[in-house]
Number of protein chains: 2
Amino acid sequence: MTAAVTETIERAVAEIRFDHDGLVPAIAQQHDTGEILMVAWMNRDAVRASLAEGRACYWSRSRGKLWHKGETSGQIQLLRELRLDCDGDTVLLLVDQHGVACHTGRRSCFFHAWRDGGWVVISEPQISPDTLYPQRTG
Amino acid sequence: MTAAVTETIERAVAEIRFDHDGLVPAIAQQHDTGEILMVAWMNRDAVRASLAEGRACYWSRSRGKLWHKGETSGQIQLLRELRLDCDGDTVLLLVDQHGVACHTGRRSCFFHAWRDGGWVVISEPQISPDTLYPQRTG
């Protein structure tokens, strides 16, 4: 990256209020349908990578490393626009999701709905997790 | 509430994975347009109150108390459906927002967009904060 691009990205990062762990919640929303795909976490480097590459990158709290969304599954999210809320501590990524967002093979992670006194599964996988993650053994 | 209603609500709460502070992020989305209105936090009592009352209730981390959305401003959120993500640690509230969600008087809190190397304000207040919160003095 050029110094100018780096400087520009740092201006974006500077306005985001990361928590004491250096993280903010990040919502991924399909840019044209409005569907909420998933919620993950971003640290400063994840924001930098997302803006530099034009693809969503998160911070995996479970793995303790940057998570370039789709790096294993191929189900990438092209970043259409980054938004920030009024108090600067939550970001919204308008994305173009290739394939599915959820590790279960569903388009959206929010597939449990509370209806008539029980949690109901409201969507089915579009692709098998075994296809998404062929190298996983367990 | 009847014992049956209480028991039903406890079944909803039991499936949500609250963090070590007893909280989960909660997204409020306008049920028909898909617009993301705000993100706040819920504890168990906020989920219970939301389901019991059919209106969004959050946990205010800054004030350390339940926050019945709209209790001061009148800008309530009728709860149309509660959803839960795949790993159970984020909730999505499909709501019918009365008036505006943001304390700035804007419909949505996500009014900053990163465009052409700068944060741009993409919506204007629909109502003055002074009208929303007349008793605030400073």
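Keep in mind the model is a prediction, meaning the values are calculated, not measured. Scope of the values below: all heavy atoms of this structure, side chains included, with no hydrogens, waters or symmetry mates. Naming: A, B, ... by sequence-line order, numbering from 1 per chain.
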For a 4.5 angstrom cut-off between non-hydrogen side-chain atoms, does B:E15 reach A:H112? no

Should we say atom CG of B:D116 is surrounded by more than 12 heavy atoms from elsewhere, each under 6.0 Å from it? no

So if you build clusters from Ile, Leu, Val, Met, Phe, Trp, Tyr with side-chain heavy-atom gaps below 4.5 Å, do A:V91 and A:L37 land together? yes

For atom CZ of A:R107, is the number of surrounding heavy atoms from other residues, nucleotides or ligands below 6.0 Å larger than 12? yes

Under 4.5 Å from any heavy atom of chain B, what part of A:R115 do you find: side chain, backbone, both or neither? side chain

Residues B:G117 and A:R11: closest non-hydrogen pair is O-NH2, 2.8 Å

Using the rule that Ile, Leu, Val, Met, Phe, Trp and Tyr join whenever any side-chain heavy atoms are under 4.5 Å apart, tell me whether B:I27 and A:M38 fall into a single cluster. no

Is the number of heavy atoms from other residues, nucleotides or ligands under 6.0 Å of A:D32 CG greater than 12? yes

Of B:C86, B:G34, B:S108, the largest count of non-hydrogen pairs under 4.5 angstrom with chain A goes to B:C86

Can you say whether A:L94 sits under 4.5 Å from chain B via the side chain, the backbone, both, or neither, judging by heavy atoms? neither

Looking at A:R55, I'd like to know if its CZ atom is crowded, meaning that more than 12 non-hydrogen atoms belonging to other residues, nucleotides or ligands lie closer than 6.0 Å. no

Picking from B:L84, B:L82, B:T8, which has the most non-hydrogen pairs under 4.5 angstrom with chain A? B:L84

Which distance, rounded to the nearest 0.5 Å, do you find between the CG of A:D85 and the CD1 of B:I36? 11.0 Å

Between A:D89 and B:R61, does at least one N-O distance fall below 4.0 Å, as a salt bridge requires? yes

Whether the side chain of B:W119 engages the backbone of A:A12 through a donor-acceptor N/O pair (distance < 3.5 Å, no angle test) should be reported. yes

Would you give the length of the straight line joining atom CG of B:L79 to atom CH2 of A:W114, rounded to the nearest 0.5 angstrom? 12.0 Å

Is B:W41 linked to A:L23 within one hydrophobic cluster, defined over Ile, Leu, Val, Met, Phe, Trp and Tyr using a side-chain heavy-atom separation of less than 4.5 Å? yes

